[in-house]
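Position 1 is the first residue of the sequence, and the numbers go up from there.
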Amino acid sequence: MSLPAKTFVRSFSTGTVRNGKRNFKNFILYNRGTNQFRKQQEENPNKDFQISDYGIRDTTVRIGRKFVTVKEKIPDIIVPDLENFNLKPYVSYRVPEITQSEFTAQDLFNAVYRKKIVDDFKNNKLKQNYEPIEPSEEESLSPEQAKLKARQTGSDMFSQGR
């Protein structure tokens, strides 16, 4: 008596493809899908397959039932005036590579305070313990005030005197 032969076959099945991208709903692929899918979107805008934002970041926050606009989330595009600009709008690949050392805390201190300290020393505007007689606004702040001021929105923009 012979035994029936067993044949093992491997197969891979993804199921039926519905509406072009239904099986891949975790992958956000905008402007994809069949014409039938797009027609279904237009006819039934409240269905779960409706794409609502196309990757645009929201500038509002929901508080209770209200949506409040956050100014800091609105992008501010600053475009320079290039009316009499002589350079070309591209960079050649033959330009030599520029390497720059790391900007350290010592470099930052020198960029902000060095000139005033040297001027105060040359003009004898220092007290006996080398503190300035006429401190600037930055020098008169306590560490807590300086930290709060540095963390304010826009503190790095539009600084006077630099």
Q: Look up atom CG in L108 and atom CZ in R114, then write down how far apart they are to the nearest 0.5 Å.
A: 13.5 Å
Q.
Within the structure provided, determine whether K73 and R57 are in side-chain contact (heavy-atom separation under 4.5 Å).
A. no
Q. Do T60 and V68 have side-chain heavy atoms sitting under 4.5 Å apart?
A. no
Q: Run the numbers on V61 and F67 for side-chain contact (heavy atoms from CB on, under 4.5 Å), then give the verdict.
A: CA-CA 6 Å; V61 176; F67 285 97; over 6 Å; no
Q.
Does any part of the side chain of K149, heavy atoms only, come nearer than 4.5 Å to the side chain of L141, both counted from C-beta?
A. yes
Q.
Has N123 got a side-chain atom pairing as donor or acceptor with D120's backbone, closer than 3.5 angstrom?
A. no
Q. Which residues satisfy the ring pair (Phe, Tyr, Trp, His ring centres under 6.0 Å) test with F109, sequence neighbours excluded?
A. Y113
Show every donor-acceptor pair shorter than 3.5 Å between a side-chain atom in residues 91-103 and any protein atom, with sequence neighbours excluded, or say none if there are none.
unit_1: S92; atom_1: OG; unit_2: R94; atom_2: N; d: 3.1

Q) Minimum heavy-atom separation for P132 to K116, with atom names? A) CB-NZ, 4.3 Å
Q: List the atom of N124, the atom of I133, and the distance in Å for their closest heavy-atom pair.
A: O-CD1, 4.3 Å
Q. Transitively linked via ILVMFWY side-chain contacts under 4.5 Å: I117 with Y130?
A. no
Q. Mind checking what makes side chain to side chain donor-acceptor pair (under 3.5 Å) contact with D119, not counting sequence neighbours?
A. none
Q | N86 CG: over 12 foreign heavy atoms closer than 6.0 Å | A | no
